[in-house]
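These notes are about the structure you will find just below.
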Amino acid sequence: MALYGVIGDPIAHSMSPEMHNAAFQECGMDSAYVKFQVRKEQLSQAIDGIKALGIKGVNVTVPHKEHVMPLLDEIDPLAEAIGAVNTIVNENGKLIGYNTDGLGFVEGLKNIADEPLEDNSMLIIGAGGAAKAIYYSLASLGVKRIDVTNRTPLRAEKMIEACPFDLNSGFLSLEAAENSLDQYDVIIHTTSIGMFPHIEDSPLTIKELKEGCIVSDIIYNPLETALLKQANQKGARTQNGLDMFVYQGALSFEKWTGIFPPYSIMKNTVLQQLGGQHVNR
Ligand code: ATR
């Protein structure tokens, strides 16, 4: 049997085991995926354990995505640029770190966006870890214009400045962003504002939107945030964070096994768990 897992702290509510195990089962693979609660001070031992136990692959979640990097043998260039690893592949004892968070978002976006993605002008709300993964992944794929708005300007400016990919990018205050939402084909919300239980909160007020634009929120609890509700009322195409979550897992699965897993099985498994866990819908 091949063993996979996710390390984080806390980890009890991770939906990754059910999602990956459903895919392994569907593919008829003799594999299992489990969660490991790993405290910060034991991260290094846990990474040694991956090698010692022959665990084939691991997802990394909060709070270890950055600290795990110096403990690995090799880091993929995109993960290096993002400064965070969410996927480790054990290649015959060599641990390689990747980041599939941003690329997972891009895969989901491709399902609803107009192609080619590169020609869309985009706005990212937020400048934290999730924003950086999405921003750099979109930039690495050649999206030419991505502006950023954030409560703290310096954080956004640093993120823009440090981006190793060539693109047009500017910082906007939240107020300026509110007044120019109609400039964008795709608006991506990456902060936790509006997440359960604060479901009435929204990062900004939507005034005008460009016709046919997409508003995407990486939150999936609730499935329709206050921001997405507003966007729907204004006629936008909207997307919640479920696709990003499932695709980041699917891309990890593909890195480990060479097989792209059955996406809808994974998504339905997560939807079922959300239905059971969250009573706010
Ligand atoms: P993650 O890794 O999940 O992206 P993070 O790195 O803590 O989390 O980033 C949080 C993002 O949400 C940041 O853009 C943060 O804005 P600041 O850079 O100004 O801190 C934003 N954020 C979180 N709570 C917020 C709030 N109440 N109002 C506005 N922005 C908020």
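Indexing begins at 1, ligand by ligand and atom by atom, following the structure's order. Note that this is a predicted model, so its numbers are computed, not measured.
- Inter-residue side-chain proximity for Leu242 and Leu271 is flagged as met; some heavy-atom pair is nearer than 4.5 Å.
- In this structure, Ile47 belongs to a hydrophobic cluster whose other members, linked by side-chain heavy atoms under 4.5 Å apart, are Leu3, Ile7, Val34, Phe36, Val38, Leu43, Ile50, Leu53, Ile55, Val58, Val60, Val68, Met69, Leu71, Leu72, Ile75, Val85, Ile88, Leu95.
- Side-chain contact, Gln230 with Ser202: a donor N or O sits under 3.5 Å from an acceptor N or O.
- Sorted by chain and number, the residues within 4.0 Å of ligand 1 by heavy atom are Gly126, Ala127, Gly128, Gly129, Ala130, Asn150, Arg151, Thr152, Arg155, Thr191, Ile193.
- Only one option out of Phe253, Trp256, Tyr33 pairs with Tyr4 in a ring-ring contact (aromatic ring centres under 6.0 Å, His included); it is Trp256.
- Hydrophobic clustering of Ile, Leu, Val, Met, Phe, Trp and Tyr side chains at less than 4.5 Å, counting indirect connections, unites Phe105 with Ile146.
- The aromatic rings of Tyr247 and Phe260 lie tilted to each other, with the angle between the two planes from 30° to 60°.
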